[in-house]
Amino acid sequence: MDSSFDEADYDYAASVAGRAMRSMAEQRIAPTPANFAVWFLYFAGGQDDLRNAIDLLIDHNRPFDSRTNQDLFKTYVAPQVSAAAVVDTSERLQALMGAAKEFLTTAIADNHSQMQVISEVADQGKAGVDPKALVAQLMNELARAATRATRLEAGFAEKTRELDVIRDSLSRSEERARTDTLTGLANRRALDEFLRKAQATAAWGEPLSMLMLDIDHFKAFNDNFGHGVGDQVLRLMAKVLREKVREQDLPARYGGEELIAVLPDADLATCADLAERIRHALAECTITRRSTGEVLPSISVSIGVAQYRAGEAIADLIERCDRALYLAKSSGRNRVVTETELDRAGTAG
C-alpha cells in the first residue's frame with residue numbers, strides 16, 4: 001500500500017478507518033483485513049479506479065458478496081502489496097549492474113597490463129635481448145591473460161544466468177499482475193490499459209464496441225451446487241468467450257461473474273452478432289460436477305452491447321453497456337440487448 005498512508009497522522013487515519021468500518025457495516029461486509037484494506041483505500045482517496053468500481057456497484061445496488069470483495073482486493077490492493085517484490089528485484093538488478101561494472105573495469109585494466117607487457121617485450125627485442133627469453137616471457141604473459149579471461153568469462157556467465165532468472169521472474173510477475181487468477185482472462189488493470197489504447201484509436205473514427213455478459217441466476221446456482229461448481233462455470237464462460245472473440249479483441253473479467261469483451265474496429269451490429277454466438281454456445285455447453293460426474297442444469301447468460309461515441313469517456317461506454325445488460329435481465333434474461341434498445345426503452349418511458 002502507498003507509504004503515504006503509513007505516515008498519516010493518527011487523527012486522519014482514525015477518521016478514514018472509522019468511515020471505512022461504518023460503510024462496511026452498512027453493506028454487511030465482513031471486517032476482514034483484506035476487506036478493510038479495500039475500504040480504507042476507498043475513503044483515503046487517490047485511487048480513482050477503485051472509487052469508480054465501488055461507486056458503480058453501489059449505484060446498481062450490487063451486493064458486496066465474498067466474491068466481489070475478493071475481486072476488489074485482488075484488483076486494486078494486491079498489486080500495491082506486491083510492489084515490495086518489485087523493489088527487491090530492483091535491488092538485485094542494481095547489484096548485478098555493479099558486478100558487471102566491476103568485471104568490465106577488471107577486463108580493461110587487464111587489457112592495459114597486457115599491452116604494457118607486450119610493449120616492454122618489443123622494446124627488449126629492439127635492444128638485442130635473447131629471442132628465446134623474449135618468447136618465454138611473452139608466452140607466460142599470454143598464459144596469465146588466458147587465465148584471467150577464463151575467470152572473467154565464468155563470472156559473466158554466472159551473472160548472465162542470474163539476469164535470465166530475474167527477467168523470467170519479471171515476465172511472470174507482469175503476466176500475473178494483468179491476469180485474473182480464476183478465469184485466466186485479462187483483469188481490470190489490463191482491461192483499463194487496453195481501453196485507453198482503444199479509445200485513442202477510436203478518436204480517429206475507427207469503431208469500438210463492447211459486450212458485457214452475466215450468468216443468469218448465478219447466486220441460486222452457487223447456493224444449490226456450491227462455489228466450487230460456480231468457479232467451474234466461470235472458467236467455462238471464460239473459455240467460450242476467449243474462443244469466440246477475434247485475435248485483436250480483449251476478453252476480460254470485469255468483476256464477480258461479469259465478463260467483458262472489447263472489440264476494436266467493430267460496430268454495434270458486429271458486436272451484437274458475436275454476443276449472440278457466445279450466448280448460443282454457452283447454452284449448448286454441458287456442465288458436469290467433477291466430484292460426482294453429475295450433469296448439472298444448463299446455464300444461460302444475459303448480454304449487453306454498446307458502441308463508443310466520439311468524445312465520450314470510457315466510463316460512459318461501460319455504464320451504457322452495463323445498463324443494456326440489466327435491461328436484458330429485467331426483460332426476461334437469456335438474451336442480448338444493445339444500446340439501441342436502451343434508447344427505445346427510454347423513449348417509451
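What you are looking at is a predicted structure, and each value in this text was computed from that prediction instead of being measured.
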Counting heavy atoms not belonging to Lys244, are there more than 12 under 6.0 Å from its NZ?
no
State, without any angle test, whether [X] and [Y] hold a side-chain donor-acceptor pair at a distance under 3.5 Å.
X: Thr270; Y: Asp273; value: no
X: Asp216; Y: Ser300; value: yes
X: Ser66; Y: Asn69; value: no
X: Asp55; Y: Tyr42; value: yes

Could you check whether [X] pairs with [Y] (Lys NZ or Arg NE/NH1/NH2 to Asp/Glu carboxylate O, under 4.0 Å)?
X: Arg320; Y: Asp316; answer: no
X: Arg253; Y: Glu258; answer: no
X: Arg189; Y: Glu193; answer: yes

Determine the minimum heavy-atom distance between [X] and [Y], stating which atoms define it.
X: Gly304; Y: Cys321; answer: O-SG, 3.2 Å
X: Glu339; Y: Ala306; answer: OE1-CB, 3.3 Å
X: Leu250; Y: Ala186; answer: CD1-CB, 3.8 Å
X: Arg62; Y: Asp322; answer: NH2-OD1, 2.8 Å
X: Val305; Y: Ala272; answer: CG1-N, 4.0 Å
X: Met24; Y: Thr32; answer: CE-N, 4.5 Å

Is there a donor-acceptor contact under 3.5 Å from the side chain of [X] to the main chain of [Y]?
X: Arg335; Y: Arg333; result: yes
X: Ser23; Y: Ala20; result: no
X: Ser209; Y: Ala266; result: yes

is_close_aromatic(Phe64, Trp39), centroid dist under 6.0 Å
yes
Close side-chain approach of [X] and [Y], heavy atoms under 4.5 Å:
X: Asp249; Y: Pro264; result: yes
X: Leu195; Y: Val262; result: yes
X: Asp214; Y: Val301; result: no
X: Phe43; Y: Ser15; result: no
X: Ile287; Y: Val295; result: no
X: Lys239; Y: Arg235; result: no
X: Asn334; Y: Arg279; result: yes
X: Val240; Y: Arg242; result: no

Going by the angle between their ring planes, with limits at 30° and 60°, are Phe218 and Phe221 parallel, tilted or perpendicular?
parallel
Is the NZ or CZ atom of Arg289 both under 6.0 Å from the centre of the six-membered ring of Phe225 and within 45° of that ring's axis?
no
Could you grab the distance from atom [atom1] of [X] to atom [atom2] of [Y], nearest 0.5 Å is fine?
X: Gln307; Y: Glu312; atom1: CD; atom2: CD; answer: 9.5 Å
X: Phe73; Y: Leu50; atom1: CZ; atom2: CG; answer: 12.0 Å
X: Lys329; Y: Ser302; atom1: NZ; atom2: OG; answer: 4.0 Å
X: Leu282; Y: Leu241; atom1: CG; atom2: CG; answer: 8.5 Å
X: Asn224; Y: Lys219; atom1: CG; atom2: NZ; answer: 9.5 Å
X: Met210; Y: Leu263; atom1: CE; atom2: CG; answer: 9.5 Å

Derivation and outcome, side-chain contact (heavy atoms from CB on, under 4.5 Å), residues Glu319 and Asp59:
CA-CA 11 Å; Glu319 192 270 340; Asp59 289 344; over 6 Å; no
Would a single hydrophobic cluster contain both [Y] and [X], if residues Ile, Leu, Val, Met, Phe, Trp and Tyr are joined by side-chain heavy-atom contacts under 4.5 Å?
X: Met212; Y: Leu317; value: yes
X: Leu72; Y: Leu234; value: no
X: Ile314; Y: Leu191; value: yes
X: Tyr254; Y: Tyr326; value: yes
X: Leu211; Y: Leu208; value: no

Would Leu185 and Leu259 satisfy side-chain contact (heavy atoms from CB on, under 4.5 Å), going step by step from the backbone distance to the final call?
CA-CA 9 Å; Leu185 298 178; Leu259 305 184; 4.0 Å; yes
Quick one, Leu236 with Cys285, criterion side-chain contact (heavy atoms from CB on, under 4.5 Å). Give me CA distance, side-chain angles, the key distance, then yes/no.
CA-CA 9 Å; Leu236 173 64; Cys285 287; 3.8 Å; yes
Test side-chain contact (heavy atoms from CB on, under 4.5 Å) on Leu268 and Thr340 and set out the steps.
CA-CA 9 Å; Leu268 190 69; Thr340 305; 3.4 Å; yes
